[in-house]
Amino acid sequence: MDSILSQSFGDFEVIAIDDFSPDACGRILDDYATADSRVIPVHLEENQGIGKARDAGALRARGEYIVFLDSDDTLAEGALQAMADRIDETGNPDILLFNHVRTYWNNRVQPSAAGEILAAAGSDVFTALERPEYLSMFAVVWNRAYRRQFYVDDHNFTFTDGIYEDALMVYKTMLTAERIAATDHVCVEYRQRRQGNSMRTPGRKHFGIFQQYARLFEFLDERPHLAPVRPLLFERMASHFLFTLAREDRIVPKDRAEFFKLSAAQYRRLKPRDFVVPEGRQGTRFQILDRGSYAAYAAMTFASSTHRQVVQRASKAKTKLGKTAYNRLYRLHLRRPVDENLAVYAAYWNRGIACNPAAIYQKAKELAPDVHGVWVVKRTEVDSVPAGVDYVVANSPRYWEVMARAKYLVNNVNFPNEIVKRPEQVFLQTHHGTPLKQMGIDQQKFPAAAKGMSFGKLLERADKWDLSLTSNQHSTEIWERVYPCAFEAIEYGYPRNDVYFRATAEDVSRIRGELGIEEGKTAILYCPTVRDYQKGYVPRIDLERFCRELGPDYVVLVRTHYFYGADPSLEALQERGLIKDVSRYPVVEDLCLAADALITDYSSIMFDYACLDRPIVTYADDWQVYSRARGVYFDILSGQAGETPGATATSEDQLIEVFRSGAWNSSRAAELRSAFRERFVQYDDGHAAERVVRHMFLGEESSPRVLPLEERTPAPSPAAVETARIVRQRAGRNESGLVDA
């Protein structure tokens, strides 16, 4: 949508079809329509498939030309202007062909094979019979523009059901058009997914290709004057059959013999008398198809793949031989059956029992007691494991056993590269925050922050995910884009945030007492995040001055990022009683419950703290540097609803004034916080862990339902707890007769 609406040529309309999408596509289209009158959303009442969605759009279109754009591709810069210019130059042709490029997740751009013949057309206008070479272009409807009167009014073209519908439509329209023109301008960026495209999901639906081409040749039979192009289209059909058969992500092994048999039958039935078999390996495949010998085809395919496999195995041998545990003990356990009642948990690179996995573990003990949970921890963290919790030390003999045999794998980061994800296993990636800073393959644009990361290896690890847990639609959209893998997003909320809706006033008082926060004091939790462009912890606030300026009614809890070790300057300030250094406090959720307000910069803690509906102050003194060095998805300083969670400051003086003036807890801050909560506290309601356990371990539908935001009751704030305590105290004194009203 952005690539369309940012075009320099502005005289267009966007007919945006929501094909009864199960996700938020309909809402997204409505948002665009609200912001731009050129967008016309159409919401279908049932899912009808891409062909019928295109038909619905074509019928609603009022422009002179129709361009189909798939929802995962983009228009190139200047595309519409280039189309308009060539349409004017060639006198309004029925079809305008244009160029495209393939774009990959690693930013590689591959030119199309059609660039040369598109350039050769110049400003010529022709028919397909006059220039049949243009029938050999990539047979998709999105690399051409159709004159609406030709497409809708004169011929009423509509798509057939099923996949591979593009080929039939392309050839029928090309053979019907009386005036065709072309431009070699790149107009579409054709995104190549690593995984997840429905076309690349194996299954019987791919057998629909035979019916689509049968319809094409019925079309040719009814038009004898098209006989000259019949051999070319036959060759295109046979090549398409062989291409589809060779793809393991389309035709599963058990269906290959049948697919080959049907391909061969259609090949022999439709082969023109004057067809000449092409030369080379493709010609040999055609001859095998003509003979109908699947055995010969399988033998040829096996021979061509053997060399590749030998090379691949040789390149991996040295690495594998060096991993003794992997080759011996781990491989031994991988041969054993998966334990259906075993779950492995890990968090923060095996740093202990924490975060979403910990909340899921506790709920699973309650709802799925037959599933035994085992935690993976580093040797240095063994002492932190609570009594009664089963654990294994990473890389110990039992570690390899549970990793090989556990049915369920739960982690908020990735498991190591050497861990094999067995088909029977279910891996839940819980994540550990809502993304503000750019993540996954988006980091390719920020090499300083990526620090030599192998994005290929990163995606190999993400390929192991079966389920990706999110707490808001923003996260769902980001994770699916930056980790282009075949996982399922489950929008259940973050289990670690359940406590914010279940904690009581007594819990808040208890935690504050354990932290030594005196009654009546306002506790501020300060949580700065890590800077990729800096080494080590660098204080961004003069905490001594800050505490002095705020005065004795405030207490500041400081928590540095877990990447940093103990900081001597914080220890010194704590010894002087100026701050409380809670950097090593084990449960961050307790700190949030104890705090009256949060100060942070770019830390994802802001999204979790928003559950509590308490003031959030953004202190971003290095916003320009950070946003350019790390990349961000939105501007938290913009002051826009849904982006800024409350009061902001970009200097220490401003931060002090935010608290002195009361802006931190003002009505304006509350309005911003409300919009922020609406966007990001979308699925957190106190029942996230239950939904995850019921889905993953018990195989139940999502339950309980996510409560509307207005029906959720966060834990009471410390101020509310203190007020209630004073009221109770006064009431008790009145009842005892100590105070005479």
key: Side-chain touch Ser604/Leu436, heavy atoms, less than 4.5 angstrom   = no
inquiry  = Ignoring hydrogens, what is the shortest heavy-atom contact between Val681 and Phe501? Give both atom names and the distance.
reply    = CG1-CZ, 4.3 Å
inquiry  = With a 4.0 Å cut-off on N to O distance, would you call Arg540 and Asp621 a salt bridge?
reply    = yes
remark   = Sorted by chain and number, sequence neighbours left out, ring pair (Phe, Tyr, Trp, His ring centres under 6.0 Å) with Tyr345 holds for Tyr361, Trp375
note = All heavy atoms of Asn350 vs all of Ala394, minimum pair found to be ND2-CB, 3.8 Å
task = Write down the atom of Gly440, the atom of Leu458, and the distance for their closest heavy-atom approach.
result = CA-CD2, 3.9 Å
query = Partners of His431 by ring pair (Phe, Tyr, Trp, His ring centres under 6.0 Å), sequence neighbours excluded?
reply = Trp465, Trp479
inquiry  = With a 6.0 Å cut-off (strictly less than), is the heavy-atom count around CD of Glu248, excluding the residue itself, greater than 12?
reply    = no
key: Worked check of side chain to side chain contact (heavy atoms under 4.5 Å, CB included) between Arg584 and Thr560   = CA-CA 9 Å; Arg584 297 298 169 263; Thr560 59; 4.3 Å; yes
remark   = Contacts of Phe697 meeting ring pair (Phe, Tyr, Trp, His ring centres under 6.0 Å) (sequence neighbours excluded), chain-then-number -> Tyr408
request  = Tell me, please, which residues at least two apart from Pro397 pass side chain to side chain contact (heavy atoms under 4.5 Å, CB included).
outcome  = Leu329
inquiry  = Can a side-chain donor-acceptor contact be found between Asp608 and Asn497 if the only test is distance below 3.5 angstrom?
reply    = yes
inquiry  = Can you tell whether the side chains of Arg510 and Glu514 come within less than 4.0 Å, N to carboxylate O?
reply    = yes
task = Using a 4.5 Å cut-off on heavy atoms from C-beta on, say whether the side chain of Gln473 contacts that of Tyr683.
result = yes
task = Could you check if a side-chain atom of Val376 sits within less than 4.5 angstrom of a side-chain atom of Val344, using non-hydrogen atoms only?
result = yes
Distance flag, aromatic centroids of Phe415 and Phe427, threshold under 6.0 Å = yes
request  = Can you measure from CG (Leu469) to OH (Tyr494) and round to the nearest 0.5 angstrom?
outcome  = 6.5 Å
key: Salt-bridge contact Glu701-Arg694 (side-chain N to carboxylate O under 4.0 Å)   = no
request  = Look up atom CD1 in Ile360 and atom SG in Cys355, then write down how far apart they are to the nearest 0.5 Å.
outcome  = 9.0 Å
inquiry  = Just so I know, are the side chains of Tyr602 and Val632 near enough to count as touching, which here means a heavy-atom distance under 4.5 Å?
reply    = no
query = Should Asp581 and Arg559 count as an ion pair when the cut-off is N to O under 4.0 Å?
reply = no
inquiry  = Any salt bridge linking Lys407 with Asp339? Criterion: basic side-chain nitrogen under 4.0 Å from a carboxylate oxygen.
reply    = no
inquiry  = Between the side chains of Asp685 and Arg705, is the shortest nitrogen-to-carboxylate-oxygen separation below 4.0 Å, so that they form an ion pair?
reply    = no
query = At what distance, to the nearest 0.5 angstrom, does CZ of Arg405 lie from CD of Glu340?
reply = 10.5 Å
request  = Only one of Leu578, Leu543, Ile541, Val582 passes side chain to side chain contact (heavy atoms under 4.5 Å, CB included) with Val558; say which it is.
outcome  = Leu543
query = Do Asn106 and Ile441 have side chains that get closer than 4.5 Å, going by heavy atoms?
reply = no
ask   = Relative to Tyr626, does Arg630 satisfy both conditions: NZ or CZ under 6.0 angstrom from the six-membered ring centre, and within 45 degrees of the ring's axis?
value = no
ask   = Once you round to the nearest 0.5 Å, how far does NE2 of His432 lie from CG of Asn356?
value = 10.0 Å
Donor-acceptor under 3.5 Å (Arg614 side chain, Leu593 main chain) = yes
query = Is the Phe676-Phe607 ring centre distance short of 6.0 angstrom?
reply = yes
ask   = After noting the C-alpha distance and the side-chain angles of Thr434 and Asn472, does the key distance pass the side chain to side chain donor-acceptor pair (under 3.5 Å) rule?
value = CA-CA 8 Å; Thr434 291; Asn472 48 65; 3.2 Å; yes
ask   = Taking only residues two or more places apart in sequence, or in another chain, which ones meet Asp596 in a salt bridge (Lys or Arg N to Asp or Glu O under 4.0 Å)?
value = Arg512
salt_bridge(Glu401, Arg398) N-O dist < 4.0 Å = no
key: Steps toward side chain to side chain donor-acceptor pair (under 3.5 Å) verdict (Asp601, Tyr526)   = CA-CA 9 Å; Asp601 36 36; Tyr526 173 46; 5.1 Å; no
request  = Using ring pair (Phe, Tyr, Trp, His ring centres under 6.0 Å) as the criterion, list what pairs up with Tyr500, not counting sequence neighbours.
outcome  = none
remark   = For Val587, the side chain to side chain contact (heavy atoms under 4.5 Å, CB included) test, sequence neighbours excluded, returns Tyr585, Glu589, Asp590
note = Residues passing the side chain to side chain contact (heavy atoms under 4.5 Å, CB included) test with Val393, sequence neighbours excluded, are Arg379, Val382, Tyr391, Ser396
query = What's the spacing between His687 NE2 and Leu707 CG if we round to 0.5 Å?
reply = 5.0 Å
Steps toward side chain to side chain donor-acceptor pair (under 3.5 Å) verdict (Ser468, Gln429) = CA-CA 5 Å; Ser468 170; Gln429 169 58 260; over 6 Å; no
key: Glu518 atom CD: more than 12 heavy-atom contacts under 6.0 Å   = no
message = Which heavy atom of Ala347 sits nearest to which heavy atom of Gly352, and what is that distance?
response = CB-O, 3.9 Å
inquiry  = Would you say that Val338 contacts Arg422 through its side chain, given a criterion of any heavy-atom pair below 4.5 Å between the two side chains?
reply    = yes
ask   = Which residues pass the salt bridge (Lys or Arg N to Asp or Glu O under 4.0 Å) test with Lys580, sequence neighbours left out?
value = none
query = With sequence neighbours excluded, what pairs up with His474 under the side-chain hydrogen bond (donor to acceptor under 3.5 Å, both in side chains) test?
reply = none
ask   = At their closest point, which heavy atom of Leu409 faces which heavy atom of Ala406, and how far apart are they?
value = CD2-CB, 4.1 Å
inquiry  = Using the rule given for side chain to side chain contact (heavy atoms under 4.5 Å, CB included), can you reason through Cys592 versus Leu598, listing the C-alpha separation, both sets of side-chain angles and the distance that settles it, and then say yes or no?
reply    = CA-CA 8 Å; Cys592 291; Leu598 172 72; 5.8 Å; no
Distance in Å, Arg691 CZ paired with Glu491 CD, rounded so as to fall on 0.5 Å steps = 11.0 Å
request  = Please report the shortest heavy-atom distance between Ser384 and Glu381, naming the atom on each side.
outcome  = OG-O, 2.6 Å
Any Leu570 side-chain heavy atom under 4.5 Å of Ser583 side chain = yes
Qualifying residues under salt bridge (Lys or Arg N to Asp or Glu O under 4.0 Å), relative to Lys421, sequence neighbours excluded = Asp466
query = Is any side-chain heavy atom of Pro386 less than 4.5 Å from a side-chain heavy atom of Ile353?
reply = yes
query = With Arg502, which residues qualify under salt bridge (Lys or Arg N to Asp or Glu O under 4.0 Å), at least two apart?
reply = none
